[in-house]
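Written below as structure tokens is the structure these notes are about.
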Amino acid sequence: MTNPRILISEADIQQRVRELAAEISADYAGKPITLVGVLKGAFIFLADLSRHLTMPRSIEFMAVSSYGMRTTSTGAVRVLMDLRRSIEGKHVLVVEDIVDTGLTLHYLLELLATRDPASLKTCALVRKKERHEVDVRVDYLGFDIPNVWVVGYGLDHAEDLRALPYIGVVDPDDE
Ligand code: PRP
């Protein structure tokens, strides 16, 4: 595969992650927060974001999947790994690497809202608004991006390239 073209540089990502963390820290004003990272893609963003926050924070993960392998969303989402702890009465911030069709985040918000958190907000590093199939609220957004296939900083191409420090663009048909 040819090298990905840089869409968002490592420096720009790190700067924006610090800005988001400062905004989140100010909004919660010292209140303890439960970060819910959505595996796998969010693991790097969550690691960096969580280290810049200033309030007490616990870190949880969920794994969800659409049915089957995909390069486009099918709309069906299933929980592969659920939270280990109750979020009842907690301030929950769901952390995603990307919001594409919006179906995953929309599903997760509906599910988590049934568990009576004190508050429920969302943070995503990148969003492809033109691909949205549902309206979904992103309270803290890193970047809006065009409809291109992105890799790196947690995002994969056939499970490869997640560890790139920048977000790059590849041709999904390029082997
Ligand atoms: C990606 C991403 C989101 C979801 C967004 O996960 O991490 O969870 O897709 O897409 P949507 O807005 O169209 O629902 P993916 O299913 O690729 O799994 P991964 O994070 O394990 O790579």
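Atoms within each ligand, like the ligands themselves, are counted from 1 in listed order. All heavy atoms count here, side chains included; hydrogens, waters and symmetry mates do not.
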Looking only at N/O atoms, are [X] and ligand 1 under 3.5 Å apart anywhere?
X: Gly102; answer: yes
X: Asp100; answer: yes
X: Val64; answer: no

Closest non-hydrogen atom pair, Gly154 against Ile44: N-CD1, 3.9 Å
Shortest non-hydrogen separation from His52 to Ser25 and the atoms involved: O-OG, 4.2 Å
Contacting atoms of ligand 1, where contact means under 4.0 angstrom from a heavy atom of [X]:
X: Thr101; result: 11 (P), 12 (O), 13 (O), 14 (O)
X: Leu103; result: 12 (O), 14 (O)
X: Glu96; result: 2 (C), 3 (C), 7 (O), 8 (O)
X: Gly41; result: 19 (P), 20 (O)

Mode of Asp156 contact toward ligand 1 - side chain, backbone, both, neither (heavy atoms, under 4.0 Å): side chain
Proximity to ligand 1 by part of Asp97, non-hydrogen separation under 4.0 Å: side chain
Closest to atom 19 (P) of ligand 1 (judged by heavy-atom distance), picking from His132, Arg127, His157, Lys40: Lys40
Salt-bridge present (Arg162, Asp97; N to O < 4.0 Å): no
Atom NZ of Lys121 with >12 non-hydrogen neighbours under 6.0 angstrom: yes
Heavy atoms of other groups near Asn147 CG, more than 12 under 6.0 Å: yes
Parallel, tilted or perpendicular: rings of Tyr153 and Phe45 (30°, 60°): tilted
Parallel, tilted or perpendicular, as decided by the 30° and 60° cut-offs, for the rings of His91 and Tyr28: perpendicular
4.0 Å heavy-atom contact, Arg162 with ligand 1: yes
Any Ile98 heavy atom less than 4.0 Å from ligand 1: yes
Test item: side-chain donor near acceptor, Glu19 and Gln15, under 3.5 Å: yes
